Amino acid sequence: FRRSLDQWVPPGPDEESRLRSLFFVRAWVVALGFAALSVVFFGALHLWPQVGAYGQLLFVGPLLLVLHRRGTPFERLVHASLAAVSLAFGLGFLAEVPSDHTSLALLLLVPMLAIFLLGKRGGLTWLFISLVWGGFVSFSEDRGWIAGSVDPFSAETHVVNFALGIGLA
């Protein structure tokens, strides 16, 4: 399996770049698995806004992996990836009633990934973006700007999301 992932890693100028690139590919493989499970789970519950929030990762991820393989600048791909994941977590929070706070908590992963993949400056940038986005999403929920799909198994959904989030971390 590792060899098949290696084919998605373009040659890098040094070992550190190659390792970050390999991490990027592996992180997307895990994220795509998370997104696929989420889409199936939320689809079974007829929570269509959640399906949309996480389903977009099933389109964005493969596109970014192909662009990565073709040599698109790594930093651009990381920023696009972090934006897509942030969007999924934020919209996932607003997509059901009661709101799924585990989705919002998963935003904590974004600046951590940014620090690892982009360095201190990129990490601080994404920390700021995550704070603003998380604040806006929380504000939106307080104002009632939510999709309003009622989750019939909200407690179970929150436990599954939390477990998947810990798995992602």
Side-chain angles (χ1 to χ4, degrees), residues 1 4-5 8 23-68 76-118 122-123 125-169:
F1 182 68
S4 63
L5 293 180
W8 290 95
F23 179 83
F24 175 82
V25 171
R26 289 180 180 172
W28 262 114
V29 169
V30 171
L32 289 169
F34 168 78
L37 285 172
S38 296
V39 165
V40 168
F41 180 74
F42 292 124
L45 295 174
H46 304 283
L47 297 172
W48 305 119
Q50 286 279 33
V51 170
Y54 292 103
Q56 56 95 9
L57 295 174
L58 297 174
F59 297 99
V60 172
L63 173 65
L64 293 175
L65 287 172
V66 167
L67 292 172
H68 180 56
R76 288 184 190 169
L77 297 173
V78 172
H79 286 297
S81 297
L82 295 173
V85 169
S86 295
L87 186 66
F89 293 154
L91 293 179
F93 174 73
L94 295 173
E96 66 183 80
V97 175
S99 295
D100 183 3
H101 290 85
T102 56
S103 293
L104 190 60
L106 290 174
L107 273 175
L108 294 170
L109 294 173
V110 173
M112 290 189 304
L113 287 170
I115 287 171
F116 179 72
L117 294 169
L118 299 170
T125 300
W126 277 97
L127 176 61
F128 177 75
I129 292 169
S130 296
L131 286 169
V132 171
W133 176 236
F136 174 76
V137 167
S138 184
F139 175 83
S140 298
E141 185 222 11
D142 288 342
R143 297 293 178 256
W145 305 341
I146 56 177
S149 294
V150 177
D151 184 352
F153 305 104
S154 64
E156 293 83 356
T157 300
H158 296 174
V159 169
V160 169
N161 280 348
F162 183 76
L164 287 172
I166 293 297
L168 282 174

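Heavy-atom basis, side chains included; hydrogens, waters and symmetry copies ignored. Keep in mind the model is a prediction, meaning the values are calculated, not measured.
Looking at Gln50, its side chain never comes within 3.5 Å of a backbone N or O of Ala95 through a donor-acceptor pair. Within the 3.5 Å criterion, the main-chain N or O of Ala84 finds a donor-acceptor partner in the side chain of Gln56.
For Ser86, the side chain to side chain donor-acceptor pair (under 3.5 Å) test picks out no residue, with sequence neighbours left out. Qualifying side-chain contact (heavy atoms from CB on, under 4.5 Å) partners for Ser103, counting only residues two or more places apart in sequence or in other chains: Tyr54, Phe93, Asp100, Asn161. Not counting sequence neighbours, the partners of Leu45 by the side-chain contact (heavy atoms from CB on, under 4.5 Å) test are Phe41, Leu47, Asp151, Pro152, Phe153, Thr157.
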**Request:** In sequence, state the C-alpha distance, the side-chain angles, and the governing distance for Ile115 and Leu127, and then conclude on side-chain contact (heavy atoms from CB on, under 4.5 Å).
**Result:** CA-CA 9 Å; Ile115 287 171; Leu127 176 61; over 6 Å; no
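Across every non-hydrogen atom of Leu64 and Ser81, the tightest pair is CD1-OG, 3.3 Å. Here the closest heavy-atom approach between residue Ala88 and residue Ala53 is recorded as CB-O, 3.3 Å. Pairing each heavy atom of Leu57 with each of Ala35, the nearest pair is CB-CB, 3.9 Å.
Expressed to the nearest 0.5 Å, how far CG of Leu87 lies from CG of Leu82 amounts to 12.5 Å. If you take CG on Leu118 and CG on Leu113, they are separated by 9.5 Å, rounding to the nearest 0.5 Å. Between the NE2 atom in His101 and the CG atom in Leu106 there is a gap of 13.0 Å [rounded to 0.5 Å]. Annotation: the span from Leu107 atom CG to Ser130 atom OG amounts to 5.5 Å, rounded to 0.5 Å.
Thr125 is listed as a side-chain neighbour of Ile129, based on a closest heavy-atom distance under 4.5 Å. His46 places none of its side-chain heavy atoms less than 4.5 Å from the side chain of Val51. Counting only heavy atoms from C-beta outward, the side chains of Met112 and Trp126 never approach each other to under 4.5 Å. Within the 4.5 Å cutoff, no side-chain heavy atoms of His68 are placed close to those of Arg76. Counting only heavy atoms from C-beta outward, the side chains of Leu32 and Leu65 approach each other to under 4.5 Å. Residues Phe59 and Leu63 form no side-chain contact, since every pair of their non-hydrogen atoms from C-beta on lies 4.5 Å or further apart.
Note on ring orientation: taking the six-membered ring where Trp is involved, the planes of Phe24 and Trp28 are perpendicular (angle over 60°, cut-offs 30° and 60°).
Ring to ring, Trp145 and Phe139 are close: their centroids are under 6.0 angstrom apart.
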